Amino acid sequence: MIIAPSLLAADFGHFARETLRADRGGGDWLHLDIMDGHFVPNISFGPEVVHAIRPLTRMTFDVHLMCSRREILLEPFAEAGADRITVHVELGEKVGPLIWKIKSLGKKVGLAVNPPTAITTAEPFLKQIDLLLVMTVNPGFGGQPFISETLPKIQQADAWRREKQLAYRLEVDGGINLKTAAECAHAGADTFVSGTTLFGQGRLKTAVKKMRAAVNAAAPRRKPA
Ligand code: DX5
Ligand code: ZN
């Protein structure tokens with residue numbers, strides 16, 4: 001189980017301090033939401049910020065690109081220190097070339113699916129990706145309520161993984177608190193992005209620990225294959 005605090009919910013006046021907080025608090029990955037004000041109605045931060053915090057931690061940098069022209073952003077984020085880059089299936093015909101570009105940069109590939117988008121749109125790419133991100137809110141802002149209608153999509157993505165004997169991680173992002181993290185874990189998710197619930201707490205370490213315990217307890221018990 002991977003717990004990934006999302007820097008979007010951190011104090012933007014202190015990126016360095018907040019990165020260290022996530023690291024010392026036991027976060028496995030640092031989730032970095034990149035918003036361009038076009039693909040989503042909000043602007044966050046760019047490669048310069050990622051570059052600045054890269055030397056502070058060995059945490060995996062999980063870059064979630066919510067940008068219309070992400071083909072121009074892949075190299076800058078790869079150079080800035082991203083370990084993993086996720087693009088959205090809603091980009092349509094651009095998705096195939098983007099996946100191969102991310103691979104050619106030596107980074108792990110993620111594919112994200114928004115709540116209104118059918119999970120079947122991701123099916124043709126499953127063999128090529130390292131991670132499938134089922135968005136559990138409409139992207140753009142932190143602090144939104146979890147959309148429970150996304151749970152069957154998580155179940156479907158997990159079922160495909162077993163049926164097709166694939167090993168992509170199954171990530172959820174948006175409105176993830178202790179209760180919804182457990183619901184997603186029960187549905188098959190193994191990677192949990194959480195902003196408000198983790199950074200919003202005085203003690204991020206306690207929040208991470210509680211979330212880890214909640215998802216481990218809720219995960220389906222399966223016999224080894
Ligand atoms: C939403 C972002 C999320 C966001 C989650 O567009 O993709 O990563 O940081 O924030 P919370 O956990 O506050 O819903
Ligand atoms: Zn995100």
Side-chain angles (χ1 to χ4, degrees), residues 2-12 15 18-19 21-22 25 27-46 49-50 53 59-68 70 73 77 82-91 102 107-117 122 129-151 153-154 169-185 189-202 204 207-208 210-212 214-215:
I2 294 285
I3 308 290
S6 171
L7 199 66
L8 192 69
D11 178 348
F12 272 32
F15 279 131
E18 295 286 74
T19 300
R21 211 174 132 220
D28 301 299
W29 296 358
L30 189 64
H31 186 80
L32 300 162
D33 287 303
I34 312 303
M35 303 177 174
D36 67 349
H38 186 262
F39 186 77
V40 289
N42 193 9
I43 295 176
S44 58
F45 45 82
V49 170
V50 177
I53 60 173
M59 270 186 296
T60 291
F61 277 7
D62 181 33
V63 169
H64 176 191
L65 284 184
M66 287 160 275
C67 308
S68 301
R70 53 202 70 193
L73 288 169
F77 280 104
D83 297 295
R84 322 183 59 102
I85 301 180
T86 294
V87 292
H88 271 260
V89 75
E90 289 79 15
L91 288 177
I102 297 168
K107 307 300 174 186
K108 298 277 189 198
V109 182
L111 187 62
V113 181
N114 280 340
T117 305
I129 61 176
D130 302 293
L131 176 146
L132 183 61
L133 167 52
V134 176
M135 287 303 299
T136 45
V137 299
N138 288 304
F141 299 92
Q144 303 181 71
F146 179 80
I147 299 173
S148 56
E149 287 79 6
T150 57
L151 286 167
K153 294 165 81 173
I154 301 166
R169 297 205 71 91
L170 185 41
E171 185 176 60
V172 288
D173 181 11
I176 299 298
N177 54 35
L178 296 185
K179 178 173 174 283
T180 57
E183 288 169 6
C184 292
D190 54 55
T191 304
F192 304 84
V193 176
S194 179
T196 310
T197 297
L198 301 183
F199 273 105
Q201 303 296 315
L204 184 140
V208 168
K210 282 187 187 166
M211 189 168 285
R212 203 181 292 286
V215 298

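Bear in mind the structure is a predicted one, so any value in this text is a computation, not a measurement. FYI, the numbering just counts along the sequence from 1. The figures here come from the full heavy-atom set of this structure, side chains too, leaving out hydrogens, waters and symmetry mates. Counting convention: from 1, in listed order, for ligands and their atoms alike.
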Report yes if some N/O of [X] lies less than 3.5 Å from some N/O of ligand 1; otherwise report no.
X      : value
Thr197 : no
Gln144 : no
Gly143 : yes
Gly195 : yes
Gly140 : yes

Among protein heavy atoms, which sits nearest to [atom], and what does the distance come to when rounded to 0.1 Å?
atom                    : value
atom 13 (O) of ligand 1 : Thr196 OG1, 2.4 Å
atom 5 (C) of ligand 1  : Asp173 OD1, 3.5 Å
atom 14 (O) of ligand 1 : Gly175 N, 2.8 Å
atom 9 (O) of ligand 1  : Ser6 OG, 2.8 Å
atom 1 (C) of ligand 1  : Phe141 O, 3.7 Å
atom 10 (O) of ligand 1 : Gly142 CA, 3.6 Å

Pairwise side-chain contact, [X] with [Y], heavy-atom cut-off 4.5 Å (strictly under):
X      : Y      : answer
Pro5   : Phe199 : yes
Thr180 : Thr136 : no
Phe146 : Glu183 : yes

Output the list of atoms in ligand 1 that are nearer than 4.0 Å to some heavy atom of [X], sorted by atom number.
X      : value
Val193 : 8 (O)
Met135 : 7 (O)
Ser194 : 12 (O)
Gly174 : 14 (O)
Met35  : 6 (O)
His31  : 8 (O)
Pro139 : 6 (O)
His64  : 7 (O)

Can you tell me if [X] uses its side chain to pair, donor with acceptor, with the backbone of [Y] under 3.5 Å?
X      : Y      : value
Ser68  : His38  : no
Asp33  : Ser6   : no
Lys153 : Asn114 : yes

**OP:** Just to the nearest 10 degrees, tell me the angle at the Zn ion (ligand 2) spanned by His31 NE2 and Asp173 OD2.
**Re:**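 Reported to 10°, the angle equals 100°.
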
**OP:** Check the pair Val134 / Leu170 against side chain to side chain contact (heavy atoms under 4.5 Å, CB included), numbers first and verdict last.
**Re:** CA-CA 7 Å; Val134 176; Leu170 185 41; 3.9 Å; yes

[atom2] on [Y] to [atom1] on [X], rounded to 0.5 Å:
X      : Y      : atom1 : atom2 : result
Met135 : His64  : CE    : NE2   : 5.0 Å
Met211 : Leu204 : CE    : CG    : 9.5 Å
Leu73  : Ile34  : CG    : CD1   : 8.5 Å
Ile176 : Thr197 : CD1   : OG1   : 8.5 Å

**OP:** Write the atom name of the N, O or S atom in His64 that is nearest the Zn ion (ligand 2).
**Re:**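 The nearest such atom is ND1.
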
**OP:** Measuring from the Zn ion (ligand 2), name the closest N, O or S atom belonging to Asp33.
**Re:**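 For Asp33, the N, O or S atom at the smallest distance from the Zn ion (ligand 2) is OD1.
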
Original post:
Out of Asp62, Val40, Val137, Asp33, whose heavy atom is nearest to atom 4 (C) of ligand 1?
Top reply: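 The residue whose heavy atom sits nearest atom 4 (C) of ligand 1 is Asp33.
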
**OP:** Fit a plane to each ring of Phe45 and Phe15, take the angle between them on a 0 to 90° scale, and name the class: parallel (under 30°), tilted (30 to 60°) or perpendicular (over 60°).
**Re:**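 Perpendicular, since the angle between the ring planes exceeds 60°.
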
Subject >> Candidate list His31, Arg169, Lys108, test side chain to side chain donor-acceptor pair (under 3.5 Å), partner Asp62, passing option >> reply: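 Among the candidates, only His31 passes.
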
**OP:** Apply side chain to side chain contact (heavy atoms under 4.5 Å, CB included) to Glu18 and Leu30, showing your working.
**Re:** CA-CA 10 Å; Glu18 295 286 74; Leu30 189 64; over 6 Å; no

